[in-house]
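To start, the structure under review is shown below, and the notes come after it.
Since the structure is predicted, the reported quantities are computational estimates derived from the model, not experimental observations.
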There are 2 protein chains.
Amino acid sequence: MKPTKTYRTPDGLPVDIAIFTIRSRTKPGNYKTLADRRLNVLLVRRSRSSEAYPGYWALPGGFSDENETLLEAAYRELKEETNVDREVRIEQIKTVYYPGRDPRGWMPSVVYAALVKEEYLLNLAADTDADEVALFDIEEALGMKLAFDHNDLLKDALAFVRAQMMTTTIAKEFLPDEFTIRELYQVIRTVVPGFEEDIANFKRNLLATKTRQGLIEEARGEDGKPMTTDRNSNRPAQLYRFSGYEPRISIYNSGMF
Amino acid sequence: MKPTKTYRTPDGLPVDIAIFTIRSRTKPGNYKTLADRRLNVLLVRRSRSSEAYPGYWALPGGFSDENETLLEAAYRELKEETNVDREVRIEQIKTVYYPGRDPRGWMPSVVYAALVKEEYLLNLAADTDADEVALFDIEEALGMKLAFDHNDLLKDALAFVRAQMMTTTIAKEFLPDEFTIRELYQVIRTVVPGFEEDIANFKRNLLATKTRQGLIEEARGEDGKPMTTDRNSNRPAQLYRFSGYEPRISIYNSGMF
DNA sequence: AAAATAGTGTCTATAAGACATTATAGA
DNA sequence: TCTATAATGTCTTATAGACACTATTTT
């Protein structure tokens, strides 16, 4: 029941944001080869001793104010930390509070995850203020002792992104509009290492069949000719794009519903 | 960036909860027949003119305090509204805030959904306080003008429950441990009307096959004999239970991963 | 030729979907 | 005999999964 009470207006709701990106590193070698991809997360460090966890790395965050939505606050955070101002997918993960989660007192947190293309983060260091900002391999970040309960929050955000990776087409947030089968495959595996498939079958499963819409389709130029790329190999590879079909899957019928 | 500021501690975070149940109504007639099932949601009405929306129906809600978790607050709400104190599945849906959502000022809300078995709600009226409490057919509730933005919150909670219904075994929250195929089918259809399958194929898809684990399995008594019920029909029907297998589905391979 | 990725082809078991039919029990 | 649900059976066809093989381009 909503008790009758007089409200003291709080200053704003804390918002923390796990900013994920996939970094590609081209392997050295005499031949063109597939880049290494690693899932990274952006962390910040505040050294001021006025902070509760001085010197600890933490998820970036701040206070939403009463003149903005929570999502707007998340975008503002993203902008402040990375100077990224473009169309970026941001998902609300969860809201947490439990007694003692912040030594300063009553402090809930609304956690968001942002999925950012690597290219958008090129000028990362340049655009942030005096605080330290860096990208970490996700495994490394999970192994660090982060400020507050940010290890838990990061774990939750990661689980969310993993689940989304398998059930939606967020893979596109980490890929250019046109991509090769192996790039897509690699992005999925980067986020969900357990995923493993025969590439040939993988591809066949994604293209349209007689009874099923395709998740992806061949990219064709204006002339109607198939588009290819040789960025990953000497032999040019067909480019694909997502078809726009977003299947809704179900455990109760093996098809879509 | 977390600004350095002094915190005024808020009173607590508002929590609203959409309490869903499926009500069965046995159809009159000379022969035993499948009960009608309807998805219902619990709403409350506060008439005090001190309220912001006096006389409007609303999702039950209240303030979490700094000595409890948000989930505990949701369970407390559930208990206060329905006197249900048992194992009930509660899911956090989302947290909302935008300027102007509450005329009284800065007022976010953490929204939960609870899935409650009908039997638990038998003594509903008896156990609540002076405020009006009632169950509404979901369609009816969506058609009403609810207090605040509760129409939106309800819609979100419903969408969440529908998605979960198709991708997890929450159907069990609305069923006894042992159920017939048609009961399960009916529960799913009650929540997701678009779902439609040939019952024979539906059943075959849920049982184990040579290459796939079963979602459900035949219920057998201690003597090893198949358990049946005649609650829906004159001819006894086989009872089933969920096997405990929770498939994780993916759009990238038609099997599970 | 070597290296690396790209792409094709084929075979088989299986299960999905459509549909028809039979069974059971009580009124 | 009627009503309602329960249960079984069958046929066809697509396709998932396994695996082997060929192709292309640059160094």
Side-chain angles (χ1 to χ4, degrees), chain A residues 26-37 178-186 195-216 218-219 226-240 249-257, chain B residues 26-37 178-186 189 195-216 218-219 226-240 247 249-257:
Chain A
T26 48
K27 278 181 285 199
N30 293 327
Y31 300 93
K32 268 195 199 168
T33 177
L34 226 44
D36 258 350
R37 281 175 215 270
E178 280 89 26
F179 50 86
T180 69
I181 294 287
R182 291 182 117 89
E183 285 169 349
L184 172 57
Y185 181 68
Q186 213 190 5
F195 183 78
E196 200 160 347
E197 288 270 294
D198 177 296
I199 272 275
N201 293 337
F202 175 71
K203 171 178 165 183
R204 208 182 34 188
N205 290 168
L206 299 195
L207 291 167
T209 69
K210 205 167 294 189
T211 64
R212 206 191 46 216
Q213 274 193 73
L215 209 58
I216 61 173
E218 282 192 358
M227 296 167 65
T228 59
T229 182
D230 64 352
R231 61 184 171 233
N232 301 315
S233 60
N234 291 320
R235 173 172 177 179
Q238 175 65 48
L239 286 169
Y240 294 85
I249 50 188
S250 143
I251 60 174
Y252 291 113
N253 56 358
S254 87
M256 319 300 174
F257 70 100
Chain B
T26 48
K27 279 182 285 201
N30 292 327
Y31 300 93
K32 265 194 200 171
T33 177
L34 226 43
D36 259 349
R37 280 175 217 269
E178 280 90 26
F179 51 85
T180 69
I181 293 286
R182 292 183 116 87
E183 285 169 348
L184 171 57
Y185 181 69
Q186 213 189 3
R189 287 195 39 120
F195 183 77
E196 200 159 347
E197 288 271 293
D198 177 297
I199 271 275
N201 293 339
F202 174 72
K203 172 177 166 183
R204 208 181 35 186
N205 289 169
L206 299 196
L207 291 167
T209 70
K210 205 168 295 188
T211 63
R212 205 191 48 216
Q213 274 193 73
L215 209 58
I216 61 171
E218 282 193 357
M227 295 168 64
T228 60
T229 182
D230 63 354
R231 60 185 171 230
N232 301 315
S233 61
N234 290 320
R235 173 170 177 181
Q238 174 66 48
L239 287 169
Y240 294 85
I249 50 188
S250 145
I251 60 173
Y252 292 111
N253 56 358
S254 86
M256 318 299 173
F257 70 101

Round to a whole Å and report the spacing from [atom1] of [X] to [atom2] of [N].
X        : N      : atom1 : atom2 : result
B:Arg231 : C:dG26 : CZ    : C1'   : 18 Å
A:Asn201 : C:dG7  : CG    : C1'   : 13 Å
B:Leu207 : D:dA7  : CG    : C1'   : 12 Å
B:Leu206 : D:dA7  : CG    : P     : 14 Å
B:Lys27  : D:dT3  : NZ    : P     : 15 Å
B:Glu197 : C:dC19 : CD    : P     : 14 Å
B:Ile199 : D:dA7  : CD1   : P     : 10 Å
B:Tyr252 : D:dG17 : OH    : P     : 16 Å

Can you give me every donor-acceptor pair (side chain of residues 28-35 of chain A, partner residue at least two apart or in another chain, under 3.5 Å) with its distance?
residue: A:Lys32; atom: NZ; partner: A:Asp230; partner atom: O; Å: 2.9

Can you tell if the side chain of B:Asn253 reaches within under 4.5 Å of the side chain of A:Asn201, non-hydrogen atoms only? no
Check: A:Tyr185 and A:Ile199 side chains under 4.5 Å, non-hydrogen atoms: yes
Look at the aromatic rings of B:Phe202 and A:Tyr252 and report parallel, tilted or perpendicular, splitting at 30° and 60°. tilted
Keeping [X] on the side-chain end and [Y] on the backbone end, is there a donor-acceptor pair under 3.5 Å?
X        : Y        : answer
A:Arg204 : A:Thr209 : no
B:Gln238 : B:Ala219 : yes
A:Glu218 : A:Leu239 : no

Which listed nucleotide (D:dT5, D:dA7, C:dG7) is nearest to the side chain of A:Gln238?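 Among the listed nucleotides, the one closest to the side chain of A:Gln238 is C:dG7.
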Short N/O separations, protein against nucleotides 25-27 of chain D, under 3.5 angstrom:
residue: D:dT26; atom: O4'; partner: A:Asn234; partner atom: OD1; Å: 3.4

So what's C:dT10 paired with, Watson-Crick or G-U wobble, going by both distances under 3.5 Å? D:dA18
State which residues pass side chain to side chain contact (heavy atoms under 4.5 Å, CB included) with B:Ala237; sequence neighbours excluded, sorted by chain then number. B:Thr180
Would you please name every residue forming a salt bridge (Lys or Arg N to Asp or Glu O under 4.0 Å) with A:Lys203, sequence neighbours left out?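 Per chain and number, A:Lys203 pairs via salt bridge (Lys or Arg N to Asp or Glu O under 4.0 Å) with no residue.
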All salt bridge (Lys or Arg N to Asp or Glu O under 4.0 Å) counterparts of B:Arg231, not counting sequence neighbours: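 B:Glu183.
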All N/O pairs under 3.5 Å across the protein-nucleotides 12-15 of chain D interface:
residue: D:dT15; atom: OP1; partner: A:Thr209; partner atom: OG1; Å: 2.3
residue: D:dT15; atom: OP1; partner: A:Thr211; partner atom: N; Å: 3.1
residue: D:dT15; atom: OP1; partner: A:Thr211; partner atom: OG1; Å: 2.5

Across the strands shown, which category fits B:Ile181 at heavy-atom distances under 4.0 angstrom: base, sugar-phosphate, nothing?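 Since no nucleic acid heavy atom lies under 4.0 Å of B:Ile181, the category is nothing.
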Report which part of the nucleic acid A:Asn232 touches: base, sugar-phosphate, or nothing (heavy-atom distance under 4.0 Å, all strands). sugar-phosphate
DNA chain D nearest-nucleotide lookup for B:Lys32 and B:Ala200: closer to the 5′ end is B:Lys32
Under 4.0 Å: is that the gap between some side-chain N or O of A:Thr33 and OP1 or OP2 of C:dT5? yes
Would one find a side-chain N or O of B:Lys203 under 4.0 angstrom from OP1 or OP2 of D:dT8? yes
Answer with yes or no whether A:Asn253 presents, from its side chain, a donor or acceptor under 3.5 Å of a partner atom in the base of C:dA16. no
